[in-house]
Amino acid sequence: MAIQGKKILICVSGGIAAYKINYLIRDFVKKGAEVQVLMTPSAENFVSKLTLSTLSKNPVFSDFYSENGTWNNHVELALWADVILMAPCTANTLGKMVHGICNNLVIATYMSAKCPVFIAPAMDLDMYQHPSTKQNLELAEDFGHFIIPAETGELASGLVGQGRMAEPETISKTIEEFFSSDKNSKNLAGKTVLITAGPTYEAIDPVRFIGNHSSGKMGFSIAEEAANRGAKVILISGPSAQQTNHPNIEIHRVTSAREMFDQVFNFYENADIAIASAAVADYAPKEIAKEKIKKSEDELTIELIKNPDILKTMGERKTKQFLVGFALETQNEEENAKGKLEKKNLDMIVLNSLRDEGAGFKNDTNKIKIFTKTELKEFPLKTKNAVAQDILNFVEEQILK
Ligand code: C5P
């Protein structure tokens, strides 16, 4: 069973539907999952800790400290979970989640988590229809969370409409499907995936550099996704604020294109798949001034020399590697992408256009087209995590052909 052995963290907030969570916990435990329950303080008015802890076979926490003075570590709880399920998720908890209002253990745990998050909202029909709820659910989806929509029926208020928490069977089925779906397969187990990410900075003098707006988000998302699929990931990242502590990811941070080049070729030979998502600077100052350049003349000329093309060199040295490049184009997108596929000896290229709103550098979303020598596939605007899944699904299809 797909749920067997999975670690499910259920966060209960204060709605009448909380009583249904008892059935859900029993179902998960029966199917072999490990269940841990957290509650918001107001959820305690609806369902007892004793019931939840007896059913889940684990202590239930609602505060940062237990009565005996021990600290309930939200980071540990968050990292323990394979999935987090917010159910029932009240309007209040939903609002806090998407706006980072971290005033209880549930939200602190949610904000410390890296795993997928499922949200089963439950509220009165007018609250469910309220623009703030709609907007908050959209935001949660943009974060990459999965919404299990509320159902229509009789509500605690006596009114009839949409707002009832999805039935425990529906929630259980959704989570089970998630664990059994392809994207959670360990298809990349045994493979080494080399990924470049972020910008590069080319020093002009000790304080200045030539760089670009790449955030590294796309490359880190691909790295996390490949690692989740069982790959050993070598991530070579230029200066980026992105972080990861996935156990399958070995990260090497570099600054310049030259440094990135050197690190890439420390690992390339043993890689099965190489994905170059870094926005490497094409040129670097010919000489780096030893001291900060003083402003004096009205004009300053900096002589640039071409950086090595890392991806092109990977193409030239290709033996067994499945090689994926990126193209960020502003004009003649498809033609340029196909040209690069050919010129750099790639197996696949991912095109994102700066013309598409929400695509490209700093956004959390991206809109891509994938080309191989014989195929073209176009995808809608998605979160970068979802795009990472699409890219790796495509890679898997190609290498498992
Ligand atoms: O030719 P262009 O820079 O547009 O190609 C983009 C692709 O090449 C990206 O996959 C990028 O990571 C890679 N690249 C590289 N080294 C460079 C320039 C680009 O690996 N010096």
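Order of listing sets the numbers, starting from 1, for every ligand and every atom in it. One-based numbering along the sequence shown. As the structure is a computational prediction, the values presented were derived from the model and not from experiment.
Aromatic ring centroids of His145 and Tyr110 lie under 6.0 Å apart.
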Residues 17-24 side chain polar contacts: donor-acceptor under 3.5 Å, at least two apart:
unit_1: Lys20; atom_1: NZ; unit_2: Glu167; atom_2: OE2; d: 3.2
unit_1: Asn22; atom_1: ND2; unit_2: Tyr19; atom_2: O; d: 3.4

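A donor-acceptor contact shorter than 3.5 Å is absent between the side chain of Thr133 and the backbone of Gln129.
Cation-pi contact between Arg317 and Tyr268: absent, since separation from the ring centre below 6.0 Å together with deviation from the ring axis within 45° is not met.
Listed as neighbours of ligand 1 are Ala276, Ala278, Val280, Asp282, Pro308, Asp309, Ile310, Leu311, Gly325, Phe326, Lys340, Lys344, each bearing a heavy atom under 4.0 Å from the ligand.
The existence of a salt bridge linking Glu138 and Lys134 is excluded, since no basic side-chain nitrogen approaches an acidic carboxylate oxygen closer than 4.0 Å. Of the charged side-chain nitrogens involved, none lies within less than 4.0 Å of a carboxylate oxygen, so that Arg258 and Glu202 do not count as a salt-bridged pair.
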